[in-house]
Every structure is written in structure tokens, then in C-alpha cells.
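A, B, ... follow the sequence lines: proteins, then strands. Residue 1 opens every chain. These values consider heavy atoms only, across backbone and side chains, with no hydrogens, waters or symmetry-generated copies.
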Amino acid sequence: MNTPRLEARALAKRYPVGNRRKGAMLHAVDDVDLVIQAGESVGLVGESGCGKSTLARLLARLIDPTSGTIFLDGEDTTALSQAAFVASPDRARIQVVFQDPTESLNPSFRVFRSIADPITRLLSIRDPAELSDRVHRAADLVGLPRELIQRYPHQLSGGQRARVGIARAIAVEPSLLILDEPTSALDVSVQAVILRLLADLRERLGMSYLFVSHDLNVVRLLCSRIVVMYLGRVVEVAPTEQLFTAPRHPYTQALVAAIPDPARRDEKRPRLDGSPRSPVDPDPDTCRFFGRCPIGTERCTQSAPTLEPVGDEHFAACHFTTVVSTERGDP
Amino acid sequence: MHFFWKRLLGTIPSLIGVVLVTFVLSHALPGDPAAFFAGPAANAESIAEVRAKLGLDRSLPVQFFHYADDLRRGQLGNSLTTGQPVLNDLIERLPASLELTFFALLFAVAVAIPLGVWAATRPDSMVDHACRALVSIGAAFPTFFIGLLFVYLFYFLFDIAPQPLGRLNEIMYTAPPRITGAYTVDSILAGEWSVLRASLAQLVLPSVSLGMFALAPIARITRAAMLQALGSDFIRTARASGLPARKILFSYALRNAMLPVTNVLGMVFSFLLGGSVLIEQVYGWQGVGAYAVNAVISSDYAAVQGFVLAMALLYVLLNLVIDLIATAIDPRVRFES
Amino acid sequence: MKAPATPLLSIEDLSLVFRTRHGTVRALENVDLTVERGEIVGVVGESGSGKSVMAYAALGLQDAAAQVLGGRILFEGLDMLAAAPDVLAATRGREIAMIFQSPRTALNPIRKVGHQIADVLLEHTAVRRSDLRQRAIEALARVRIPDPERRYEAYPFELSGGMCQRVMIAMALACSPSLLIADEPTTGLDVTTQAVIMDLVREMSREARMSTLLITHDLGLAGEYCDRIAVMHAGHIVEVAPTVELLQRPAHPYTRQLLASTPTPRSSIDQLVSIPGQLPDLRSDLPACRFSARCERHVSACDERPLPWTVISPQHAVRCRVPL
Amino acid sequence: MTFAGFARNAAYAFGENRLTLVSVVILAALVLCAIFGPLIAPYDPLMTDGTARLVPPSAAHPFGTDALGRDILSRVIVAARLDLGMAVIAALLSFAVGLALGAIAGYFGGWPDRIISRVMDTIMAFPLFVLAMGIVAALGNSVLNVIIATVVINLPFYCRFARAEVNVRREQGFVEAARMGGNGAMPVLVNHIVPNILPPMMVQVSLNMGWAILNAAGLSFIGLGVRPPTPEWGIMVSEGASFIISGEWWTFVFPGAALVLAVFCFNLLGDGLRDLLDPKRRV
């Protein structure tokens with residue numbers, strides 16, 4: 001196989017919480033492995049607080065991991081600290097489209113400056129003619145009318161702001177684009193436009209996507225493979241269709257079952273009750289999902305399951321996924 | 001009462017900071033501290049004597065240690081003007097200042113909170129405009145100027161206030177036997193009702209003029225906090241649940257609005273304690289403020305330093321009380337710690 | 001579920017504007033909607049369509065800047081727009097209850113949740129003070145909050161968003177109202193929690209034969225839980241139909257496009273359709289059909305006022321001169 | 001905001017709030033007094049006239065004269081320079097230092113934040129006017145030291161305000177986006193965050209200016225800083241105070257009124273600016 005575009009190995013991010021002396025740690029992201037191939041589009045889903053945003057920020061090198069490595073096209077980017085990475089030419093290769101298009105644009109910058117700032121800094125292009133040419137090209141790519149380029153963000157509609165956010169990210173020609181809930185603040189009719197734009201851009205520019213979202217229906221549209229996180233850990237990875245039709249982890253099953261679907265309105269579907277375990281100093285031998293899991297047993301408190309293959313390209317971290325290829329079965 | 005001890009412990013850094021700052025102000029600044037302490041009439045010889053006596057020839061950390069040790073023993077030095085230990089002077093005069101500050105706060109709170117609530121319930125009404133006008137004007141008047149205006153109007157022109165010369169007309173009344181040092185309290189304890197009336201009469205103008213400056217921030221924040229509370233989601237819930245308007249206003253909105261109000265009280269006390277210095281000056285009030293002003297003018301440094309320290313300690317204590325009140329109102333603060 | 005002669009709630013020809021410093025916002029125009037007894041009705045629309053404004057008006061809780069130009073809202077014969085304040089207050093919480101989005105901020109942050117439920121019980125029922133606590137705990141237990149005695153003593157900040165929403169539901173159902181208005185009750189909650197909360201709302205409605213008016217921007221959610229759906233666009237209700245009929249045979253061009261732009265577990269990116277144009281500025285002069293500028297079926301007759309309802313079937317009506 | 005947009009907003013806000021416009025006009029007049037005071041004043045503010053002591057307001061002396069026969073109007077006009085000067089210098093200095101410290105504390109967090117916050121807390125642990133008295137007493141009784149004391153006691157307000165504003169924005173999308181765009185810590189802070197907190201900070205400066213004037217005047221009133229016969233509003237009120245019980249009200253009312261007017265206008269301007277910058281009220 002070719003060198004993956006991005007590969008994360010044993011990535012972890014822990015934050016100290018409460019009394020410093022007790023040394024309690026919040027495990028935001030725990031021992032995560034992730035691979036994104038060139039041109040691939042991967043979805044990352046999970047409930048709020050599951051660490052998906054932290055993981056996205058780690059991969060984008062906005063924050064430094066506590067441990068683990070991130071390879072970009074085979075190069076270890078974690079050799080540089082976040083502060084040093086900002087100035088490196090590799091910075092341009094990963095870009096992020098942020099969640100709230102209103103919040104993610106500097107209110108005192110015109111659209112032009114918002115898009116031009118990363119171009120001048122990361123590509124060292126200072127010639128006004130070339131700069132303006134680049135800005136216009138990025139704006140054209142996202143379908144942003146040129147007359148809006150001299151406007152301030154508060155003079156734009158939500159959909160136009162979302163386009164500016166995307167233009168800014170692609171202006172430096174990244175090879176990996178991380179989309180952090182890019183449409184969650186938009187109305188459905190605008191969301192549809194932006195999703196189509198993103199699909200179109202990927203095809204034309206050949207970027208890889210990591211699409212972070214809580215909405216499985218949306219992720220489905222753009223991604224060929226989906227990673228499910230629960231409480232800082234990856235619990236299931238599967239090709240999109242397989243994840244929808246045959247989810248193996250009980251959390252994924254509940255997640256898929258929870259999608260409102262008029263076609264299944266009278267079906268009784270499994271529901272997830274209770275609240276998640278604390279992410280502060282979790283017991284390393286207990287499954288993170290235990291307590292909320294409908295099928296958990298004592299075994300889940302004695303050893304935490306790890307991600308194991310359960311099918312073609314399909315992995316799940318649960319003791320009770322009947323696996324054909326290994327001897328591990330239902331106890 | 002777990003959080004009580006936590007809050008109490010929380011004042012320790014402030015106390016250390018206060019002691020450190022007063023030390024820096026007296027020992028570590030440019031100029032010759034010995035000259036300060038020796039007073040304006042000192043010659044080179046007496047300054048050297050003072051320097052040795054105060055240990056100013058030693059290193060700063062040693063000086064600080066001695067300074068802190070003196071404080072621990074209540075040694076604030078002697079006042080040059082009164083010849084008394086500064087501590088005694090302060091203890092004698094502090095009740096007068098506290099009495100004044102208390103009545104000023106009482107006046108400010110009694111007027112400002114109802115006004116703010118009233119204005120918030122009728123935005124853009126006459127009451128609201130009146131409240132805002134009062135707030136703008138109250139915040140613009142220097143305390144000492146209000147004090148003087150009141151004296152001119154109510155004593156000189158209308159002749160309805162007693163002469164602005166201190167806490168009691170000493171010619172007509174004798175001060176009650178000293179128990180707390182506050183004339184109003186002591187006269188009640190002694191059952192001397194005419195003295196109580198006379199001392200209250202003396203208190204009216206100074207405390208109202210001092211309270212005027214505290215009025216503005218309290219009314220302003222009450223109005224804003226009430227407006228915010230009344231516009232909040234949980235008030236909408238209460239309305240949608242059909243709770244009576246009175247209950248929504250008082251037990252839902254007002255209680256929540258009291259949080260920002262308590263938080264602003266710290267600043268209000270800062271104003272009041274500072275403003276009392278000026279008001280005491282205007283009304284010939286024999287409190288610590290007037291004492292400090294005299295000390296500053298006559299370069300009586302030990303007295304000034306003692307005054308600054310005493311006021312800071314008092315302020316730290318008041319902030320502790322405010323903190324405890326806020327904690328009692330808001331469960332979130334309790335659980336945070 | 002066939003209704004008796006009079007519906008529980010009927011909004012008739014309601015027009016409402018907001019007078020703001022930047023002009024008059026025509027938030028609702030000639031809105032008609034009924035809710036029958038025991039029925040779950042969904043109101044679906046994008047932000048700014050007026051769906052929440054309508055819900056608040058139904059409780060007589062409209063904003064101070066709102067001005068009702070015409071129409072009425074009848075709840076069991078009581079005109080919510082004309083009733084005396086004390087009559088309204090006695091109806092709210094007792095007969096009509098409401099739950100909101102962001103349940104954490106919808107609860108008083110410094111009052112124990114049990115006391116907040118007790119406040120409502122005390123106001124609307126003849127419960128004795130000594131029984132108050134027990135009754136509030138029962139209300140919590142009814143929405144299957146685990147360990148209700150302990151939760152009674154909790155403050156909102158100690159509970160998760162989903163748990164706060166259950167408390168809200170417990171509070172809303174405490175007096176067994178006949179109508180529940182749910183304003184985006186699951187916005188901001190996780191998908192799994194959303195499913196649990198919506199199951200609960202549906203179950204409670206069925207159990208107590210309570211009617212529910214569900215306000216949501218999520219057509220999928222309304223499609224799963226509602227008996228009937230009303231679609232709103234720019235202050236108009238453009239279509240009302242039983243859920244299955246609306247989803248399968250939308251008659252209004254906007255409804256069809258809204259359906260086509262909503263991702264479902266079966267749609268693909270190529271099928272995703274976007275609606276051209278934007279919501280019109282409600283402060284400007286608006287045409288008879290507020291969708292006309294975005295509509296490819298627009299004909300000159302569309303600009304004639306008034307815009308009539310076209311009946312497709314007994315329960316299916318659409319406000320369009322050229323329905324699909 | 002474009003300039004035209006700003007002008008439109010300004011016109012709108014002023015039209016909405018006439019008082020703000022009035023306050024701007026009065027402040028402009030006070031600033032003119034501060035700059036050209038000695039040229040405008042009808043008399044020499046220091047010239048005594050034994051034949052015209054304590055003259056009530058008249059055509060020749062619109063504000064009357066004081067105990068030494070000096071023209072109060074002239075003294076009030078000339079004093080504007082000192083009073084406004086002290087306040088403006090003190091407010092701007094504390095603004096600049098407070099903004100820098102607060103921005104560093106708010107953006108970097110960690111130990112710089114702990115140290116800066118601890119210092120500010122310590123200043124705030126004193127009743128501020130009392131601390132100002134202590135500082136002037138320790139440093140020496142001079143105008144410069146009054147300014148230093150005013151800077152010190154104002155510092156925590158600016159510092160905390162800037163810290164909070166930076167803290168809110170530090171996590172916002174546009175700051176993360178700026179970091180994605182290759183901006184290091186200082187460029188993010190200076191180019192992206194600070195321009196966005198300047199407008200609310202300016203409101204604070206304006207609101208704070210009135211307070212700075214009051215503090216300086218209060219210190220002069222009790223005899224710190226300015227010395228007679230220098231014309232200054234606080235000390236003039238103090239000098240006039242002894243004539244209250246004999247009824248010569250003009251000796252303290254006019255300088256006091258000048259103080260009130262200046263503080264009132266700064267407060268109004270601050271309120272007006274706040275309305276102007278409030279995004280909710282933008283057209």
C-alpha cells in the first residue's frame with residue numbers, strides 16, 4: 001500500500017483537572033490510531049465530549065499531543081512542537097474548516113484579508129498582483145461572488161461565510177482538509193449547498209478529508225469510511241455502508257438506531273440510556289462503554305476491549321462481536 | 001461549612017499581598033524612609049537614630065521580617081502628631097468611620113436596589129429614565145463636592161441640618177459611655193435616646209453624601225442584572241409554567257440578579273472606604289480618614305502606613321463577607337471549590 | 001384519533017408583526033393551524049420561518065415588541081390573545097405546558113430542580129404542602145429519572161443536558177396538561193439522547209392522551225414522531241398534511257425541495273438538492289406567496305391576493321396555486 | 001466596518017442619543033480650555049486683587065472672585081489643562097500597560113497569567129483611593145506622583161478587562177484559523193486579537209476617565225499633589241469650602257461644577273460609545 005496521507009499512532013491527549021497535587025487527568029483522546037489515505041474521505045463521529053474535536057485539533061497540529069506520533073505523507077510532524085510547526089512549510093498541508101462560520105472569521109478583517117492572510121504567511125506570497133490572483137481563484141473555486149470580497153463578515157449570509165471559511169482553508173492548497181462540523185450551524189437548504197460544494201472540491205482538487213460531525217446522515221454523504229469514537233477511544237471503524245447496515249459495536253448500533261427515520265417510525269429500536277462514564281482517570285481495565293452498554297458483562301470490567309478486525313476493513317472494540325476470523329468468540 | 005474555611009484560607013494571599021505592599025511603600029521606595037519616619041522637623045542626627053532604631057540599615061528581607069513581626073505584635077509605631085501608638089489611635093477612631101460607612105451603604109442599598117428593580121420591570125418608562133439620569137449624575141459628582149453642596153443647602157440655606165462639625169454637638173450632648181465606639185449603638189445600649197437622635201441627625205448628611213456615590217453602581221448593576229434575568233430562558237420557563245408574576249419577579253429573577261449585585265459590592269466598598277476619607281474631611285468627622293489626612297499633610301508616616309494597612313485589612317474582611325454571601329446565594333460557586 | 005367537533009387548539013388567520021427599530025418584521029401572516037386531541041403535530045421550518053413565534057403566541061407569551069394584527073388562537077374555547085393575564089397564567093403550566101431547547105438554561109440555575117417542579121405543582125394543583133415533595137418526586141419518577149429522591153435535591157448544573165430536558169418534561173407534565181408545546185426540545189442534545197427524549201415525549205403523549213405541538217427544523221425528526229406536519233416558510237404555513245402523505249406526496253414546491261435537501265440514511269450526495277435563493281427579508285414588501293422568488297413554478301396568478309388554500313385531500317392542504 | 005459604515009453608525013447613534021452628541025461638544029470645549037486656557041481666560045488666574053475679595057458673580061467676574069480676589073472663571077478655565085491632563089495621561093498609561101499585561105495573561109495563561117493576576121489582585125485588595133493616598137504619601141507629594149498613583153489603581157481594571165476579552169477570543173474559531181494560517185503567538189495576539197478588543201477597551205477608557213478625574217481631584221482636595229496657588233478644581237473646591245458657612249457659595253460651586261461637567265461628559269461619551277459599538281444595535 002502507498003504511504004498514507006496521514007497516519008496517527010497511539011495518539012493521546014490528557015488534561016490535568018482539579019487539584020494539581022492529586023494529579024487527576026482527563027483523558028480526552030486515548031490511544032487512537034488513525035489512517036487517512038491520499039484522496040480518501042474519512043468521517044469521524046461521536047457524541048459531544050467524546051474527544052472528536054480534540055482529535056481533529058491534534059491532527060491539525062493546533063494542540064500538542066501528550067503522547068503518540070502523527071505522520072504526514074510518511075514524515076513525523078510531531079517532531080516539531082505546535083509552536084514550531086506553525087512556521088514550517090508543512091503547515092499549509094493540513095487545513096481546517098471550522099464549525100461556526102460566524103465565529104471563525106475575524107470580524108475586523110474583510111473577506112480578502114481573511115483569505116489572503118494564510119497565503120502570505122504560509123506560501124510567502126507578497127506580490128499584490130499574485131496575492132489578489134490567488135484570493136480570487138480561491139473565491140471562484142468556492143463560488144463566492146467577487147463583489148463580496150471587499151465585505152466584512154457581518155455583511156454576509158451564513159452560507160457565504162461558510163464559503164469564505166472553505167476558501168481560506170483551500171487557498172494554501174492543502175493535501176488534507178479537516179472539516180470540523182462545517183454545516184452544523186447552517187439551515188438544511190444551505191447545508192445541502194455546502195455539502196455539494198465540498199464533494200465537488202474534493203473531486204477537483206484531490207484532497208483527503210477528515211469530516212468530523214455528530215450527524216451520521218451528513219457524514220455518510222461525503223465519506224467512504226467512518227470512525228466512531230466514544231469517550232476518547234475509537235470503538236469502531238468501517239466502510240460507510242457496512243457501518244450503517246451492520247454496525248458491530250453496541251454504541252454504533254445505538255447511534256445508527258437513533259437517527260430519526262420516518263421510514264422506521266413504528267419500529268422499536270434499541271435506545272441508549274444513562275450517562276457516559278467519567279473521562280477523568282478512567283479504569284484502564286474497564287470498557288469505556290460499560291454501564292451504558294445494553295450487553296455489558298463482568299468481563300468488560302476485567303479487561304477493556306481493543307480494536308480488532310471483525311470483517312473486511314471493519315474493526316470494532318468489543319468483546320461481544322462474533323468474529324469468524326479469530327478464535328475469540330462469544331464467551 | 002466546608003467552603004467557609006476554603007474562603008477563609010483564600011484570603012491569605014491577599015493578606016500577604018497587603019502586608020508586602022505596605023512594606024514596599026514604607027521601606028523599599030526611592031527616598032529615605034528614615035526621613036519619613038523621623039518627621040519633617042528631624043535633623044541628620046535624629047534621622048540616623050531613626051534609621052538604626054527601625055533597622056533600616058539592614059537588608060530588605062531582614063527588614064521585612066521585622067516589619068511582619070511588628071505587625072503580628074500590633075506594633076504600628078507611634079504617631080508624631082498625637083504622640084500615641086498608631087494602633088490606639090486607629091482603634092479609637094475606627095468605629096466612627098465604620099458607623100458612617102455602614103449608614104452610607106444602608107442608604108445606597110435601600111434606594112438603589114428598589115430603584116434598579118423598578119426601572120428594569122418598566123424599561124423605557126419614566127422610572128427607567130429617572131433611574132438612568134440619577135445613575136449618570138450620581139456617578140459624576142465628586143463625594144466631597146456633594147458633601148459641601150449638602151452642607152450649603154441643608155445647613156446654611158434651609159437650616160434643617162445640624163452644624164457639620166463632627167459626630168455629636170458636644171456642647172449640648174455628651175457622648176455615650178464607650179462600648180462599641182459607634183455613638184448610635186452605644187446610645188441605644190445606654191438607653192440615651194436623645195443622644196441617639198442627635199447622633200443620627202449628625203449622621204444623615206455625611207452618610208447620604210457618601211452613599212450617593214455608591215448609589216450609581218448599585219442601581220446600574222441591579223437594573224442591568226434584573227433586565228438580564230427577566231430576559232433569560234428560565235424566566236420564560238417560569239412564565240410558560242404559569243407561575244404568578246410576583247413569584248417570578250422576586251423569587252426567580254431578583255434572587256438571580258442579586259449575584260452580580262453582590263459581586264459589585266466589593267467595588268462599592270472600595271468607593272465607600274475611599275470616599276469616607278473625603279467625607280470625614282468635609283464634615284469634621286473624627287474617624288480614621290480625617291486622622292490619615294492630617295497624617296499625610298504632616299508627613300506622619302507611621303500613621304499613614306497604619307491607616308492604609310487597617311483599611312486594606314478591613315477591605316479584605318469585607319470581601320470575605322461578600323464572597324460568603326455570594327456563595328450562599330449561588331450553589332454553583334459552592335461546588336466549584 | 002378522529003377529533004371531536006372542535007379541535008383542542010386552533011390558530012385562525014393569525015397575523016403578527018414585530019415593530020423594531022429597523023422596520024416592521026412581518027413574522028406571521030394568515031397562519032392557520034389546528035391541533036386535535038391526542039395528536040402530535042409537527043411544525044417544520046428553517047430558522048426565521050416564524051415557527052417559534054407561533055408557538056409562543058399560542059401560550060400568549062409573545063415578545064413585547066410583537067403586535068397581533070389579526071386572527072385568534074383558541075384553546076378549548078379560550079382566546080389566548082384576548083384573555084386576562086391571570087386567566088392565561090392559570091392556563092399555562094396547568095392546561096398548556098411548554099418545553100424548550102437548551103434545557104440547561106431553561107431551568108433556574110440557583111434553584112433545586114425539585115423545588116422548581118414543586119413551584120408549578122403548588123401554583124396549579126390543590127396539593128398539600130406536606131405532600132409537595134412527594135408529588136414532585138413522583139413527577140420525576142414518571143419521566144424515568146433514576147434515583148428521583150436524589151435528583152430532587154440537584155441543581156441544573158449538576159445534571160447533563162438530557163437529564164435537564166427530562167426534568168423539564170417532568171415539570172411540564174406535572175399537572176397533566178392537555179397540550180404540550182415542544183420548541184426544538186432536542187437541539188443541542190446528542191443523537192442518542194435525542195432519541196430517548198423524543199421516545200419519552202411520544203410515550204407520554206400517547207399515555208395521557210395529551211396533544212403535542214413539536215416545533216423543529218429537522219424534517220426527519222418530525223417525520224418519525226408526528227402524526228401531522230405543517231411546513232412553514234417565511235411566516236406562512238405553506239402545507240399541512242398527515243406525515244406519510246407529506247413525505248411521500250408533497251404538494252408545495254418548498255416542501256419538496258426541503259425534503260430533497262435533507263440528508264436521510266438512504267440519500268446520496270448527487271440526490272441532495274439545494275433550494276435556490278434565500279428566505280425573503282420579512283421587513284420588505286412581500287408578494288402574496290413568499291416563496292415565489294425561489295419557485296420555478298411561479299405563474300402570474302401567484303401574485304394575486306389572497307393566496308388560497310388548495311385542498312388535496314381531507315387532511316392535506318397546501319397554500320399554492322400550482323401545487324405539485 | 002468601513003469608514004462610511006462607521007460614520008453611518010455614528011450618525012445613527014448620535015441621532016438616537018442626543019446626550020452623547022452634547023457630551024462630545026462640551027468635552028471639545030473643555031479640551032479647548034485645556035489647550036488655550038491662558039489665552040481664553042479673561043484674567044490672570046494667579047492675579048490677586050485686594051479690592052475685589054469674595055465678589056459674588058457679576059458682569060466683570062461671572063463666577064465671582066475668591067478670598068484673594070482672584071477671578072474664579074479664569075481659574076476654572078485654566079485648571080482644565082491640569083485636571084484633564086492628569087486624567088488623560090493616567091488613563092492612557094494604565095490603558096497601554098493594562099492592555100499589554102492583560103493580553104499576555106489572557107493569551108498565554110500559565111505562570112505569566114498567575115503572576116500578573118496575583119499582582120492585580122493585590123492592588124485590588126486595597127480600597128483604591130486609600131492606596132492612592134498611600135502611594136502619594138510614600139513617593140512624595142507631587143503632581144507626577146498623583147499621576148503614578150492613578151495609573152496604579154486603574155491598572156487592574158484594564159488588565160482584567162483585557163485578560164477576559166482575550167480569553168474569550170483565544171478559543172474562538174477565527175483565532176484557531178489564524179494559527180492554521182501560519183500565525184505564531186505574537187502575530188495572532190497583535191494582528192488578530194488586539195484589534196478586536198480595542199473598541200470595547202476604548203469604551204472602558206472613556207468610562208474610566210471620569211473616575212480618574214475624580215481620583216486626582218479627590219487627592220488634591222485633601223492636599224495631595226497640586227499645591228496652592230496653582231489653579232486646579234479639587235483644590236479650589238477645598239479652598240472654597242471654608243466660605244460655605246458664610247454663604248459665599250460661588251467659591252466652591254463653580255470649580256465643583258466644572259468637575260461634575262467633565263466627569264459627566266466622559267461617562268455619557270462612554271455610554272454612547274458602548275451603544276455605538278454594540279453589535280446588536282448595528283444597522
Query raised in the report: Just wondering, more than 12 heavy atoms not from C/Glu95 lying within 6.0 Å of its CD?
Result: yes

**Report entry** Heavy-atom check, side chain of C/Ile110 versus side chain of B/Leu259, under 4.5 Å
**Finding:** yes

Report task. Please round to the nearest 0.5 Å and tell me the distance separating atom CG of C/Leu59 and atom CZ of B/Arg236. Result -> 10.5 Å

Query raised in the report: Can C/Arg111 and B/Asn256 be said to form a side chain to side chain contact (heavy atoms under 4.5 Å, CB included), step by step?
Result: CA-CA 9 Å; C/Arg111 200 163 169 77; B/Asn256 276 278; over 6 Å; no

Query raised in the report: For B/Ile235, is it the side chain, the backbone, both, or neither that has a heavy atom closer than 4.5 Å to a heavy atom of chain C?
Result: neither

Query raised in the report: So do the side chains of B/Ser241 and C/Asp119 get within less than 4.5 Å of each other, counting heavy atoms only?
Result: no

Requested in this report: Could you grab the distance from atom CD of C/Gln116 to atom CZ of B/Phe234, nearest 0.5 Å is fine?
Outcome: 9.0 Å

Requested in this report: Work out which heavy atom in C/Pro109 is nearest to a heavy atom in B/Pro331; give both atom names and the distance.
Outcome: O-CG, 4.0 Å

Report summary line: Between C/Arg92 and B/Ala240, the two heavy atoms sitting closest are CB-O, 3.2 Å

Query raised in the report: In terms of heavy-atom proximity below 4.5 Å to chain B, should C/Leu88 be classed as side chain, backbone, both, or neither?
Result: neither

**Report entry** Interatomic distance, B/Asp330 atom CG to C/Phe157 atom CZ [nearest 0.5 angstrom]
**Finding:** 7.5 Å

Report task. Examine whether an atom of C/Ala106 lies under 4.5 Å from a heavy atom of chain B, and if so say whether it belongs to the side chain, the backbone or both; otherwise answer neither. Result -> both

Query raised in the report: With a 4.5 Å heavy-atom cut-off, do C/Phe100 and B/Asp233 have their side chains touching?
Result: no

